[in-house]
Every structure is written in structure tokens, then in C-alpha cells.
Chemist: 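Please see the structure below; I have some questions.
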Amino acid sequence: MALSLNKPKLDNLTNEIWKSAERLRGKFKSYEYQSVILPIIVIRRLECVLMAWRAAKSAEVLAKRPNLTPEALAKLVKDLELNPKQSPFSNATTWTLRGVYEDDQTLLAENFRAYINGFSANVDQIIQHFNYRATITTMVAYNRLAPILNQYKELPLGPDQLSGLEMGYIYEELLRRFSEQSGDEAGEHFTPREVVRLMVELLDIPIPERHFSVYDPASGSGGMLSVCKEHLLDRASTAAEKERVEQFLTIHGQELSPTNFAVCQADLLIKNDQTAKVFLGNSLIPHDPHSRDPGDQLPETKYRFNRMLSNPPFGVTWGGKDGYELEARKLQKTRYSAGLPRVNDGALLFLQTMLAKMVAPADGGSRIAIVFNGSPLSNGDCGSGESEIRRWILENDWLDAIVMLPDQLFYNTGIFTYVWLLRNDKPASHKDRVMLIDARQQFEKEPKAFGNKRNRMTDAHRQWIETRYAKGWAKNFDDANVKLFKTKDFAFHKVKVVFWQSDAHDQPATVTEPYEKAFTAANLKKEQEFHDSEITFRVRVKVEGKEKTITIALTPADSAAKKLKTALGQTSALWPEILSVEWTHRHYVADDEYIPHGEDIAAFLKREIAKPIIRWEDSPQLGYEILPNKYFYRYQPPTPAKDLLAQFWELEKEAEAMLEGLAK
């Protein structure tokens with residue numbers, strides 16, 4: 001499967017398509033452009049497939065029956081087209097976009113609707129997900145139907161002119177432009193094909209000898225699933241192996257966006273992939289057939305998958321009024337039993353969903369590849385949802401490797417990304433170990449930027465990563481870009497510690513300061529518990545117009561409530577007016593220390609704090625975080641001052657020469 005693209009050709013075609021968006025200005029809002037443009041692209045691409053099928057079928061029939069009249073041939077071919085066993089989709093009319101446009105202009109809308117309504121049920125479902133019939137009404141009202149049809153009636157969008165890969169790039173570039181126009185975040189669904197190819201190859205999908213399933217819970221326009229199958233078909237060296245791929249491999253997915261789902265369905269129709277099962281809905285919540293918001297239609301109670309891969313959206317809110325938290329929490333005791341991440345980033349929900357659908361190791365196990373930004377690596381404190389999810393994954397020994405990718409690989413973001421590889425069937429050499437691969441330098445510059453995508457990975461770069469993933473487990477393997485860790489290396493203790501701060505003479509300090517909290521028995525009891533030593537309060541009060549100071553000394557054994565009653569009165573209502581409170585106490589400091597697992601906690605506190613430790617308490621569970629940048633940090637010594645000075649004087653001379661040139 002070729003990954004190289006003719007960028008000038010794709011640029012020209014994208015710019016040509018974009019002209020139709022420019023024709024909508026003044027009539028449509030910018031966020032409405034894609035509701036006009038994307039459906040007509042899909043319809044034209046489907047039409048190109050149908051026209052090619054009709055031409056091929058006509059030639060085939062004429063070769064057998066050369067005496068057929070044109071009318072009889074057309075009728076016979078149309079009858080064959082309407083037979084689902086002959087053609088995966090059809091149109092019952094004789095219309096084409098060109099025919100509709102060149103016919104009576106007064107009947108343009110009527111004829112176009114007839115053409116749209118003539119498609120078979122599977123295409124009609126796609127049109128409905130685009131909500132295109134409502135858009136047609138608006139196009140007619142704004143007098144924009146004719147110019148749109150004129151532009152697309154002969155645009156070369158068929159599979160013979162544009163591969164699925166090329167169409168994917170055009171689709172992504174258009175979505176990026178739509179997003180820029182409307183001020184939205186760029187498209188969340190599309191992954192560069194070289195990254196998909198890397199993920200597929202790292203998953204080591206075999207030529208199947210029995211049923212073998214692949215799943216993507218955020219399938220977008222279906223690119224990852226398509227590349228999976230294309231990759232296997234490319235690897236199949238014989239006709240028998242290709243037949244096994246077609247017979248045994250099934251691809252499964254789910255997509256939340258109706259528009260992306262419609263594009264995915266159209267692509268599957270064009271490929272006539274009968275085994276694909278892609279559903280519209282939210283894969284992170286349970287499915288209710290009666291709900292207006294469909295949920296997971298491939299639940300783990302019925303479905304398990306041999307390989308899973310995904311690029312879920314980064315930083316998308318799943319909780320609060322804009323999310324689906326109530327529905328997701330219905331799975332809190334099952335799929336999400338390890339924990340729930342913060343409500344403004346649901347990325348780890350996708351990973352938990354995939355882990356829940358793993359095939360048991362006894363039945364062959366499962367492998368997962370998922371793209372994340374940096375947040376799932378370390379966001380969340382010890383005991384938080386994110387840390388607990390990482391703990392669950394690592395203590396179950398499912399995380400196999402993490403590949404650090406170059407930045408500026410994606411169209412909609414320039415940030416660094418990471419491919420997580422997980423499996424529940426680790427071989428002995430992988431047990432209780434995690435490999436980190438630093439591939440941040442494995443790229444070359446794009447000849448021309450596509451949005452934020454300025455870098456690309458070639459076959460050689462992918463091979464570099466795959467070689468290290470395959471061979472890096474060996475004892476004698478030595479590469480500074482590959483590091484192996486034990487699962488507990490990512491664990492840490494969160495220790496609450498109280499220590500006695502020193503004064504200017506490095507002696508344990510005692511502090512006298514105003515008491516800013518409410519002067520109540522409950523607060524004084526808390527101070528006793530924290531300081532566990534004598535504390536003294538000097539309370540300035542006003543009694544019968546005169547001020548005086550009352551001293552209250554509290555030891556750890558005293559009752560704060562009784563002391564207050566004795567000093568001030570039986571109830572607060574009888575207390576004199578309190579003007580101010582000053583207190584003297586040991587200068588204790590409460591802090592949280594994060595201590596790597598395996599360290600002696602007491603020794604660590606003594607070494608790092610170097611103050612008298614009053615007490616400490618470990619958290620009930622270990623925290624987990626993964627810090628690839630820290631592990632691969634390479635110290636770069638600063639440029640010596642003399643070299644900086646030499647560079648400065650060199651620049652100064654250049655500036656003087658430029659000024660002299662201007663003076664002349």
C-alpha cells in the first residue's frame with residue numbers, strides 16, 4: 001500500500017472543491033459549509049463508482065449479446081444494478097448530476113430530489129445522516145443548488161482517479177478549513193496514514209486462519225480500519241492468503257459524529273466490504289435502543305476483539321452539562337471499575353473500553369494500539385481517577401510499550417503524541433516490563449505543510465521503530481533511545497509529612513502570630529491534634545468598656561472546650577467581645593512528598609527534608625505516572641560565556657557593516 005501522495009494534485013483538487021464553499025458566503029453561516037460540501041462530494045464519488053460499474057457491465061453484456069439495442073441494453077443493465085447481488089448499491093433513476101444540471105432548470109430541485117430519492121436504502125441511510133434533504137431545501141431557497149451541481153457534475157472523484165488514502169487527505173484538509181472558518185477546533189477524527197501504518201505494523205496482525213476481528217471505538221471516517229485490511233491484503237503473497245483475509249478478517253467500529261459516520265459508510269460501500277460492522281453512537285456509554293442517543297452497540301458482554309486501535313479525541317469533555325457523565329457512570333462497577341478520569345478529558349475512557357473487550361489469553365489474547373497526547377501519562381494525583389487507571393493497567397501488566405512520536409505529525413495539532421501498546425498475552429521476555437522508545441527524531445520535513453502537519457514519517461522511520469520494539473527486549477540490546485522499566489518503576493508513594501521548621505540559627509522554631517481562623521473549640525481541637533504539643537493563645541477582650549488579655553494554654557491532653565468555658569464563659573453568647581487573638585506554637589509545616597516506590601520512606605524524608613520529622617503517613621495506595629521526557633532527558637551544557645561574547649561581537653561587526661552600506 002503506497003503512502004506517498006501527489007501533493008500538488010491534491011492541493012489543486014482541494015482548492016477547486018473549496019471554491020464551492022466560497023460560493024456559499026453571504027447565504028450560509030461558515031459552520032454550515034460542510035453540511036453542503038461533504039454530502040455532494042460523497043454523492044459524486046458514489047456516482048463515479050456507479051457510472052464505472054454501468055460502463056463495465058454494459059461492455060460485459062454486449063460481448064455476450066452484441067445485437068441488443070441501446071434501449072434494451074440500458075434496461076438490462078439497470079435491472080442488474082438494482083439487484084443487490086450484482087451491485088452493492090444502486091440508483092433507480094437514470095439521472096446523474098450532469099443530467100440534472102443540464103435538464104430543465106425550472107425542474108432542477110425536483111429532478112435533484114428525485115435523483116437523491118432514487119438511491120438504494122444503504123446510500124439513503126448515508127444521506128439521512130448528513131441530513132442532506134433539509135440542506136437541499138436551504139440551497140434552493142438561497143439559489144445555490146445550480147452552481148453547486150455545475151461544479152461537481154464532472155469532478156473526478158471516483159476510486160480510479162483518487163484512492164481512499166488520497167480522498168482521506170482531501171477530506172481532512174476540507175475539515176480543517178471548515179474548522180478555521182467556523183472557529184471550532186480542528187477535526188478530531190483523522191490520523192496521518194503513516195501513523196496508522198506504524199500502529200498496524202506494531203500490532204503484528206497475522207494472515208488469519210480463522211475468524212479474526214479488529215475494532216476502533218472512535219472510528220471517524222474509518223481510516224484506521226481500512227488501513228488494517230489494506231495492510232493485510234498487501235502482505236498476503238498468494239491468492240489463497242488474500243482469500244483468507246477476505247473470509248476471516250472482520251472490522252468493527254463506532255463513531256459519534258453522524259457526518260464522519262456517513263463518510264465511513266460511503267467508503268465501505270465503495271469497497272463493498274460486506275464484513276464491516278460500523279455503528280453510529282457513543283462507544284463510551286451503554287446502549288439503550290429507546291434512547292435518542294445511541295450507545296455502545298458492540299458491548300463486551302457480546303463482543304471481544306483480537307486487535308484494537310484508535311486515535312480518540314484529545315481533551316474532550318465527557319462530564320457536566322455538556323457531557324454524558326450520568327450514562328457513563330452506569331458502567332462504573334464494570335468497565336470503569338478502575339476509576340474515572342477528570343470530566344474534561346475522556347481519553348482514558350476509550351482505553352478502558354478497549355481493555356474491557358480483550359479476548360482472554362487462553363483464547364489467543366488481544367493487542368491494542370492507541371494514540372494519546374501527554375495528559376494520560378501523568379495527569380492526576382495519587383488516588384485520582386487517572387492515577388488509579390494507570391495503576392490498574394500496570395499492576396495487571398497490560399502496558400507493553402510506549403512510542404514517543406515526533407511533533408507536527410498531525411493536521412490539527414503540533415504537539416508531541418504517544419502510541420501506547422498494550423496486550424494481555426505478554427511473552428516471558430515482556431513480563432512485568434515496559435519498553436519506552438524515543439522516536440521524536442524519526443521524521444523528515446513535509447515538502448509542503450498540511451495545516452499543522454509539517455513533519456512526516458517514512459518507511460525507514462517506521463522500520464527504525466519496529467526494529468527496536470522487536471529486538472529491544474534482549475539483554476544485550478544497547479540503544480540510548482530504548483529504555484526498559486519494571487512496572488513498579490512508575491509507582492510512587494504520596495506521603496503526608498509534618499516537620500519542624502528551623503529558625504535563622506537552624507534551631508527548631510517557635511512562632512507567635514495572629515490567629516486568623518474563627519476562635520472556636522472545634523478549631524482549637526484541630527490545632528491541638530496537628531501540633532501535638534503545648535500551644536498558647538492570648539485573647540484580647542473588651543469587658544465593661546475596658547480591654548484586657550486572657551491567656552489560654554493548651555496541652556495535647558487538655559479539653560479545648562472546657563478551657564474556653566473556664567476562661568471566657570459557659571457559652572459563646574456569654575463571652576466578652578473578642579478584639580484579637582494571638583497564639584504561640586511550634587513552627588510545624590505540613591507537606592506532601594512524592595517518593596519513588598522501593599525507597600525507604602523514613603530515610604528519604606530524613607535525607608531530603610533534613611528537619612525534625614514529627615510524623616508522616618503514606619497514602620493507602622500507590623500512585624502511578626509515566627514521564628518519558630524525564631527518562632530521556634539529555635543534559636545540554638550551556639554555551640560558554642566567552643563563546644557567547646565572541647558571537648555577540650561578530651553580530652556587532654555585521655550590524656556595523658550593514659549600517660555603513662546604508663550610509664553609502
Chemist: Using the side-chain contact (heavy atoms from CB on, under 4.5 Å) rule, take Leu659 and Glu656 through it: C-alpha gap first, then chi angles, then the decisive distance, then the call.
Modeler: CA-CA 5 Å; Leu659 289 172; Glu656 288 177 359; 5.7 Å; no
Chemist: Flag the pair Tyr418 / Pro376 as yes when at least one side-chain heavy-atom distance between them is below 4.5 Å, and no otherwise.
Modeler: no
Chemist: Would you indicate whether the side-chain heavy atoms of Asp273 and Ser226 approach each other to under 4.5 Å?
Modeler: no
Chemist: Taking Arg144 for its side chain and Arg23 for its backbone only, find out whether a donor-acceptor pair lies under 3.5 Å.
Modeler: yes
Chemist: About how many Å separate CD1 of Ile126 and OG1 of Thr259, when rounded to the nearest 0.5 Å?
Modeler: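 Output value for this atom pair is 12.0 Å.
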Chemist: Within the side chain of Glu386, is there an N or O that forms a donor-acceptor pair under 3.5 Å with the backbone of Arg342?
Modeler: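 Checking the backbone N and O of Arg342 against the side chain of Glu386, a donor-acceptor pair under 3.5 Å is found.
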Chemist: Given Ile437 and Trp464, is the side-chain contact (heavy atoms from CB on, under 4.5 Å) satisfied, shown in steps?
Modeler: CA-CA 10 Å; Ile437 302 174; Trp464 184 93; 4.0 Å; yes
Chemist: Look up atom CE in Met435 and atom CG in Asp400, then write down how far apart they are to the nearest 0.5 Å.
Modeler: 8.0 Å
Chemist: Are any of the side-chain nitrogens in Glu625 or Arg390 under 4.0 Å away from the carboxylate oxygens of its partner?
Modeler: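 No salt bridge links Glu625 with Arg390.
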Chemist: Between Glu230 and Lys271, does any side-chain N to carboxylate O distance fall below 4.0 Å?
Modeler: yes
Chemist: Does atom OH (Tyr142) have a neighbourhood of more than 12 heavy atoms from anything else shown, all under 6.0 Å?
Modeler: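 No.
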Chemist: For the atom pair CD1 (Ile402) and CH2 (Trp420), what is the distance rounded to the nearest 0.5 Å?
Modeler: 5.0 Å
Chemist: Considering only NZ, NE, NH1 and NH2 on the basic side and carboxylate oxygens on the acidic side, decide whether Glu446 and Lys453 come within less than 4.0 Å.
Modeler: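 Looking at Lys453 together with Glu446, the answer is yes, because their closest N to O distance falls below 4.0 Å.
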Chemist: If you look at every heavy atom in Arg440 and Pro406, which pair is closest and at what distance?
Modeler: O-CB, 3.5 Å
Chemist: Could you check whether any side-chain N or O of Lys357 sits under 3.5 Å from a backbone N or O of Leu298, counting only pairs where one atom can act as donor and the other as acceptor?
Modeler: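 The answer is yes, because a donor-acceptor pair under 3.5 Å joins these two groups.
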Chemist: Any side-chain heavy-atom pair from Asn260 and Val263 closer than 4.5 angstrom?
Modeler: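 No; the side chains remain at least 4.5 Å from each other.
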Chemist: Look at atom NZ of Lys445 and say whether more than 12 heavy atoms of other residues, nucleotides or ligands are closer to it than 6.0 Å.
Modeler: yes
Chemist: Does some side-chain heavy atom of Thr413 sit less than 4.5 Å from a side-chain heavy atom of Asn373?
Modeler: no
Chemist: If you take all heavy atoms of Asn122 and Pro88, which pair is closest and at what distance?
Modeler: ND2-O, 2.8 Å
Chemist: Is Arg45 reaching over with its side chain to a backbone N or O of Leu162, donor-acceptor style, under 3.5 angstrom?
Modeler: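 Yes, Arg45 side chain to Leu162 backbone: donor-acceptor pair under 3.5 Å.
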Chemist: Would you say His231's side chain and Cys228's backbone share a donor-acceptor pair under 3.5 angstrom?
Modeler: no
Chemist: Is Arg44 paired with Glu47 through a side-chain N to carboxylate O contact shorter than 4.0 Å?
Modeler: yes
Chemist: Any heavy-atom pair between the side chains of Val195 and Asn311 that's under 4.5 Å?
Modeler: no
Chemist: Spell out, as yes or no, whether a donor-acceptor pair under 3.5 Å connects the side chain of Glu255 to the backbone of Gly220.
Modeler: yes
Chemist: With a 4.5 Å cut-off on side-chain heavy atoms, are Leu351 and Ile389 touching?
Modeler: no
Chemist: Applying side chain to side chain donor-acceptor pair (under 3.5 Å), name anything that partners Ser35, two or more places apart in sequence or on another chain.
Modeler: none
Chemist: I'd like to know whether Ile170 forms a side-chain contact (heavy atoms from CB on, under 4.5 Å) with Leu157, so could you lay out the CA-CA distance, the side-chain angles of the two residues, the decisive distance to 0.1 Å, and finally the verdict.
Modeler: CA-CA 11 Å; Ile170 290 175; Leu157 296 180; 5.6 Å; no
Chemist: Please state whether the rings of Tyr33 and Trp18 are parallel, tilted or perpendicular, taking 30° and 60° as the class boundaries.
Modeler: perpendicular
Chemist: Working to the nearest 0.5 Å, report the span between CG of Leu97 and CG of Asn150.
Modeler: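 Reported value, rounded in 0.5 Å steps: 11.0 Å.
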Chemist: Is the ring pair Trp473/Tyr469 parallel, tilted or perpendicular, if the boundaries are 30 and 60 degrees?
Modeler: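 Geometry flag for Tyr469 against Trp473: perpendicular rings.
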Chemist: Ignoring hydrogens, what is the shortest heavy-atom contact between Tyr631 and Lys483? Give both atom names and the distance.
Modeler: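 Heavy-atom minimum between the residues: O-CE, 3.0 Å.
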Chemist: Might you point out which heavy atoms bring Phe261 and Val278 nearest each other, and give the distance in Å?
Modeler: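 So the two residues come closest at CE1-O, 3.3 Å.
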Chemist: Any donor-acceptor pair under 3.5 Å linking the side chain of Gln151 with the backbone of Glu16?
Modeler: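 It does hold such a pair.
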Chemist: Would you check if the side chain of Ser283 reaches a backbone N or O of Pro217 as a donor-acceptor pair within less than 3.5 Å?
Modeler: yes
Chemist: Any idea which heavy atoms bring Gly222 and Cys264 closest together, and the distance?
Modeler: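 Heavy atoms only, the tightest pair is CA-SG, 3.8 Å.
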Chemist: Walk me through whether Phe119 and Ile127 qualify under side-chain contact (heavy atoms from CB on, under 4.5 Å).
Modeler: CA-CA 9 Å; Phe119 278 108; Ile127 292 169; 4.0 Å; yes
Chemist: So, applying side chain to side chain contact (heavy atoms under 4.5 Å, CB included) with Leu309, which one of Val214, Ile368, Ile370 is it?
Modeler: Val214
Chemist: Can you name the nearest heavy-atom pair linking Pro208 to Leu232, along with the distance?
Modeler: CD-CD1, 4.4 Å
Chemist: Extract all donor-acceptor atom pairs below 3.5 Å that involve side chains of residues 634-644 and protein atoms in other chains or at least two apart in sequence.
Modeler:
unit_1 : atom_1 : unit_2 : atom_2 : d
Arg634 : NH2    : Ala480 : O      : 3.4
Arg634 : NH2    : Asn481 : OD1    : 3.2

Chemist: Using modelled atom types only, decide if a donor and an acceptor are shared between the side chain of Ser366 and the backbone of Phe305 within a distance under 3.5 Å.
Modeler: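 At least one qualifying donor-acceptor pair exists.
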Chemist: Ignoring hydrogens and angles, state whether a donor on the side chain of Arg54 or Asn91 is under 3.5 Å from an acceptor on the partner side chain.
Modeler: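 Arg54 vs Asn91: no donor-acceptor pair found between side chains.
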Chemist: Out of the candidates Thr275, Thr250, Asn306, only one should pair with Ser213 under the side chain to side chain donor-acceptor pair (under 3.5 Å) rule; please name it.
Modeler: Asn306
Chemist: Give, for atom OG1 of Thr191 and atom CZ of Phe410, the distance between the pair rounded to the nearest 0.5 Å.
Modeler: 5.5 Å
Chemist: Nearest 0.5 Å, please: how far is CD1 in Ile37 from OH in Tyr152?
Modeler: 4.0 Å
Chemist: Has the side chain of Arg235 got a donor or acceptor atom that lies under 3.5 Å from a matching backbone atom of Ile205?
Modeler: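 Side chain of Arg235 to backbone of Ile205, a donor-acceptor pair under 3.5 Å: yes, one is there.
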Chemist: If you count heavy atoms of other groups shown closer than 6.0 angstrom to NZ of Lys277, is the number above 12?
Modeler: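 Atom NZ in Lys277 is not crowded, with 12 or fewer foreign heavy atoms closer than 6.0 Å.
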Chemist: Taking only Lys NZ, Arg NE, NH1 and NH2, and the carboxylate oxygens of Asp or Glu, determine whether Glu201 and Arg197 approach each other closer than 4.0 Å.
Modeler: yes
Chemist: Is there a side-chain contact between Leu422 and Arg367 in this structure, where contact means two heavy atoms from C-beta onward sitting under 4.5 Å apart?
Modeler: no
Chemist: Would you say Pro628 and Asp438 make side-chain contact, with heavy atoms under 4.5 Å?
Modeler: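 A side-chain contact is absent here, since even the closest heavy-atom pair is not under 4.5 Å.
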Chemist: Quick check: are there more than 12 heavy atoms from other residues, nucleotides or ligands sitting under 6.0 Å from CZ of Arg98?
Modeler: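 At most 12 heavy atoms, drawn from other residues, nucleotides or ligands, come within 6.0 Å of this atom.
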